[in-house]
Amino acid sequence: MTAPVAIRRLNAADADFAQHLDHLLSWESVSDDGVNQRVLDIIKAVRERGDAALVEFTQRFDALEVASMADLILPRERLELALTRITAEQRQALEVAAERVRSYHEKQKQDSWTYTEADGTVLGQKVTPLDRAGLYVPGGKASYPSSVLMNAIPAKVAGVAEVVMVVPTPRGEINEIVLAAAAIAGVDRVFTIGGAQAVAALAYGTESVPPVDKIVGPGNIYVATAKRHVFGKVGIDMIAGPSEILVVCDGQTDPDWIAMDLFSQAEHDEDAQSILVSPDAAFLDRVAESIARLLPSLEREAIARTSIEGRGALILVEDMAQAIEVANRIAPEHLELSVENPEQYLPEIRHAGAIFMGRYTAEALGDYCAGPNHVLPTSGTARFSSPLGVYDFQKRSSIIHCSAAGASELGKVASVLARGESLTAHARSAEYRIKN
C-alpha cells in the first residue's frame, strides 16, 4: 500500500486563489543575524590575514589537517589525472555535454560595433571579456560536475583569460568527476577552499588566490551571504533561491512522467518547489496517484517528500489560457510546456528562466546536456533576469569619436542642457569646440 502524500491542491477559480498562491511562492533567502555576523567576521579575517586565515578556516570548517596554503592548491596536472580516474562512460558523458554547452554558448557571443554619422562622428560599443572569473563549486559528496561545465564554459567562450575555481574538500573528500569536468571546461586554477572564506579570497585576493572580477556558482547560505557582501567589489551571478519547476500540462502526458519531472526538482532539497498546472481535474488526480506510488522508489525520498508536501502544489485552471496566466504570475526557473503543439503558447510566455517544449523534453535534459545554461533565475526573478551566459562574462564600453563638425553641433545642444542644470564648466567645455 502506497503512503499518502499530502500535496496541496489549489483551484484558480477560488476567490482566495491569489492569496494562497502568494503564500505558496513566498521565499526569503535572507540570513539571520548570526550567520550574517559570522560571514562578516570571516571576510574581515581573510582581508587582513590572507592565506593564513584560509588555512585556519579550512582546518576548522572542513576538518582538514593542512600545514600551509600549498596544501590547498591543485595543479593542472591533478585535473588531468582525474580524467583517467573516472569511468570511460563518465568521461564521454562529460565531453558530450561540454561540447553541447560550448556550441550553444558560442551563439551568444557579441562583437564590438560602430557606425559613422554624416559629419564623420563615429559612435559604437566595444565588447571586452572580463580578465578573471571565479567559480564556486560545492564540495564533498554533494558535488555537481554539471555546474562546473555550465559556469566555466561560458566564461571561456566569452574570452575570459583565467577561470579560478574554488571547491572545498571536507574531510579530504575529493570528487574526481568534478575535477575532470574542470579539466574539460578549461578551468585554469583550482583551490580546495570553500565557504564564505573562499568567496572573500576570490573577491579581495590573498597571497595565493588572485582577485577576480566576477564570482559565479551555487553555494550554501554562508556562500550566498558572502556573495551579497562582496558585491560591488566584484560582480556576482545572482543570489539563488531553491530550485523550482512548473509543469503546464493539457492532461495528455503520461502521469508517471509528470510525477518524475516534479520529483526531479523536489529531490534537490527540502525547500525546492514543484508545481503542476492543468485544466484537467481527472489528470491532476492521476498525477497525485503517481506521486504517491513512485515517491517510495526515490533514493532521496525523505527530501522529495518534504519538498512536495511543504512547497508543492497541483493547480486546477479553467483552460490553457489561464494556465499560461498562472505560469507568468509564478515566473518559474524551469517551465515545462508538456502539451500538444507547445509553439502556439510560446509567444504568450513572458517570464521563465528556461522553457522546455513538448512532452519529451524533460527538465533534467537541460540540467545536464541539452546545451542552454542551467544557472537560472529563481524565486520569481525571471521577471527581470536571465540565464547565466556569455554576456555575463563580457562588459561593454561606449565609443564616441566626434569629428570637428560633429563636436560643434553637439556642443550647442550640450551647452543648452548643461546651463539648464547650472553646470557651467560642462557647458564651457562643450562650447570651446563650437565653430564660430
- Query: More than 12 foreign heavy atoms under 6.0 Å from CZ of Phe384: is that the case here?
  - Reply: yes
- Check: Asp41/Gln37 side-chain N/O donor and acceptor closer than 3.5 Å: yes
Listed pairs under 3.5 Å, donor-acceptor, residues 201-209 side chains, sequence neighbours left out:
{"residue": "Thr206", "atom": "OG1", "partner": "Asp51", "partner atom": "OD1", "Å": "2.6"}
{"residue": "Thr206", "atom": "OG1", "partner": "Ser208", "partner atom": "N", "Å": "3.2"}
{"residue": "Thr206", "atom": "OG1", "partner": "Val209", "partner atom": "N", "Å": "3.0"}
{"residue": "Glu207", "atom": "OE1", "partner": "Asp51", "partner atom": "N", "Å": "2.8"}
{"residue": "Ser208", "atom": "OG", "partner": "Asp51", "partner atom": "OD2", "Å": "2.6"}

- Message: Restricting to salt bridge (charged side-chain N to carboxylate O under 4.0 Å, His left out), what partner residues turn up for Glu95, sequence neighbours left out?
- Response: Arg91
- How far apart are the closest heavy atoms of Gly139 and Val167, and which atoms are they? CA-CG2, 3.9 Å
- Within a strict 4.5 Å, meaning less than it, do heavy atoms of the Phe191 and Leu74 side chains meet? no
- Heavy-atom closest contact (Pro377 atom, Ser385 atom, distance): CB-OG, 3.2 Å
- Task: Mind jotting down which residue pairs meet the side-chain hydrogen bond (donor to acceptor under 3.5 Å, both in side chains) criterion with at least one end in residues 311-322? Sequence neighbours excluded, please.
- Result: none
- Query: Mind checking whether Leu130 and Gln394 have side chains closer than 4.5 Å, heavy atoms only?
  - Reply: no
- What is the distance from atom CG of Leu314 to atom CZ of Arg8, rounded to the nearest 0.5 Å? 10.5 Å
- Task: For the pair Ser103 (side chain) and Arg100 (backbone), establish whether a donor and an acceptor sit closer than 3.5 Å, ignoring hydrogens and angles.
- Result: no
- Check: Glu289 and Pro255 side chains under 4.5 Å, non-hydrogen atoms: no
- Item | Flag for Ser307-Glu270: side-chain donor and acceptor within less than 3.5 Å | no
- If you measure from the Lys or Arg side-chain nitrogens to the Asp or Glu carboxylate oxygens, is any gap between Arg9 and Asp285 under 4.0 Å? yes
- Query: Is the side chain of His374 donor-acceptor paired with the backbone N or O of Asp367 at a distance under 3.5 Å, no angle test?
  - Reply: yes
- Message: Within this structure, what is the CG-CE distance for the pair Asp254 and Met260, rounded to the nearest 0.5 Å?
- Response: 10.5 Å
Could you tabulate the donor-acceptor pairs under 3.5 Å formed by side-chain atoms of residues 244-251, not counting sequence neighbours?
{"residue": "Glu244", "atom": "OE1", "partner": "Ser379", "partner atom": "N", "Å": "3.2"}
{"residue": "Glu244", "atom": "OE2", "partner": "Glu333", "partner atom": "N", "Å": "3.0"}
{"residue": "Glu244", "atom": "OE2", "partner": "Ser379", "partner atom": "N", "Å": "3.3"}
{"residue": "Asp250", "atom": "OD1", "partner": "Gln252", "partner atom": "N", "Å": "3.0"}
{"residue": "Asp250", "atom": "OD1", "partner": "Arg359", "partner atom": "NH1", "Å": "2.9"}
{"residue": "Asp250", "atom": "OD2", "partner": "Glu340", "partner atom": "N", "Å": "3.1"}
{"residue": "Asp250", "atom": "OD2", "partner": "Arg359", "partner atom": "NH2", "Å": "3.0"}

- Considering only heavy atoms from C-beta outward, does the side chain of Val137 approach that of Leu135 to under 4.5 Å? yes
- Shortest non-hydrogen contact from Pro129 to Val160? CB-N, 3.9 Å
- Are the side chain of Asn151 and the backbone N or O of Ser147 linked by a donor-acceptor pair below 3.5 Å? yes
- Look at Arg78 together with Glu176 and state whether they make a salt bridge at an N to O cut-off of under 4.0 Å. yes
- Look at the side chain of Lys395 and the backbone N and O of Val127, then say whether any donor-acceptor pair between them is shorter than 3.5 Å. no
- Is there a donor-acceptor pair under 3.5 Å between the side chain of Thr84 and the backbone N or O of Leu81? yes
- Item | Polar side-chain atom of Lys227 near backbone of Gly235 as donor-acceptor pair, under 3.5 Å | no
- Task: Identify, with sequence neighbours excluded, every residue that meets salt bridge (charged side-chain N to carboxylate O under 4.0 Å, His left out) alongside Glu301.
- Result: Arg305
- Item | Leu25/Ile275 under side-chain contact (heavy atoms from CB on, under 4.5 Å): CA gap, chis, key distance, verdict | CA-CA 10 Å; Leu25 298 176; Ile275 298 174; 4.1 Å; yes
- Query: Any side-chain heavy atom of Tyr144 sitting closer than 4.5 Å to one from Tyr368?
  - Reply: no
- Note on the structure: Taking every heavy atom of Ala152 against every heavy atom of Ala185, the minimum-distance pair comes out as CB-CB, 3.8 Å
- Are Asp14 and His20 close enough that a side-chain donor and a side-chain acceptor fall under 3.5 Å? no
- Sequence neighbours excluded - salt bridge (Lys or Arg N to Asp or Glu O under 4.0 Å) pairs with any residue from residues 372-385: none
- Taking everything shown except Arg38 itself, do over 12 heavy atoms lie less than 6.0 Å from its CZ? yes
- Item | Rounded distance (nearest 0.5 Å) linking atom CG of Asn341 with atom CG of Leu346 | 12.5 Å
- Item | Contacts of type side-chain hydrogen bond (donor to acceptor under 3.5 Å, both in side chains), residue Thr381, not counting sequence neighbours | none
- Message: Using modelled atom types and a 3.5 Å cut-off, is there a donor and acceptor pairing between side-chain atoms of Thr114 and backbone atoms of Gly124?
- Response: no
- Flag, side chain of Gln273 to backbone of Leu24, donor-acceptor distance under 3.5 Å: yes
- Report yes if some heavy atom in the side chain of Ile315 is under 4.5 Å from a heavy atom in the side chain of Asn11; otherwise report no. no
- Message: Restricting to salt bridge (charged side-chain N to carboxylate O under 4.0 Å, His left out), what partner residues turn up for Arg300, sequence neighbours left out?
- Response: none
- Item | Backbone N/O of Met150 and side chain of Asn373: donor-acceptor pair under 3.5 Å | yes
- Going from CG on Leu376 to CG on Asp237, what distance comes out if it is rounded to the nearest 0.5 angstrom? 11.5 Å
- Task: I would like to know whether Asn36 and Arg228 meet side-chain contact (heavy atoms from CB on, under 4.5 Å); could you show each step before the answer?
- Result: CA-CA 10 Å; Asn36 196 57; Arg228 282 185 191 273; over 6 Å; no
- Does any non-hydrogen side-chain atom of Val223 lie less than 4.5 Å from one of Tyr136? yes
- Can you name the nearest heavy-atom pair linking Glu336 to Glu363, along with the distance? OE2-N, 3.0 Å
- Less than 4.5 Å apart, any side-chain heavy atom of Ile43 and any of Val199? no
- Rounded to the nearest 0.5 Å, what's the gap from CD1 on Ile258 to OG on Ser274? Could you check? 11.5 Å
- Message: Once salt bridge (charged side-chain N to carboxylate O under 4.0 Å, His left out) is applied, do any residues pair with Glu348, and if so which ones, sequence neighbours excluded?
- Response: none
- Query: For Pro211, what residues pass the side-chain contact (heavy atoms from CB on, under 4.5 Å) criterion, not counting sequence neighbours?
  - Reply: Arg132
- Verify the neighbour count for atom CD of Gln125: are there more than 12 heavy atoms of other residues, nucleotides or ligands below 6.0 Å? yes
- Task: Hey, could you give me the CZ/CD1 distance between Phe57 and Ile42, rounded to the nearest 0.5 Å?
- Result: 5.0 Å
- Task: Scan for salt bridge (Lys or Arg N to Asp or Glu O under 4.0 Å) pairs involving residues 181-197, sequence neighbours excluded, and state none if there are none.
- Result: Lys156-Asp188, Glu162-Arg189
- Within the distance-only criterion (no hydrogens, no angle test), does the side chain of Glu106 pair as donor or acceptor with the backbone N or O of Val157 below 3.5 angstrom? no
- All pairs passing side-chain hydrogen bond (donor to acceptor under 3.5 Å, both in side chains) where residues 57-66 contributes a residue, at least two apart: Glu56-Arg60
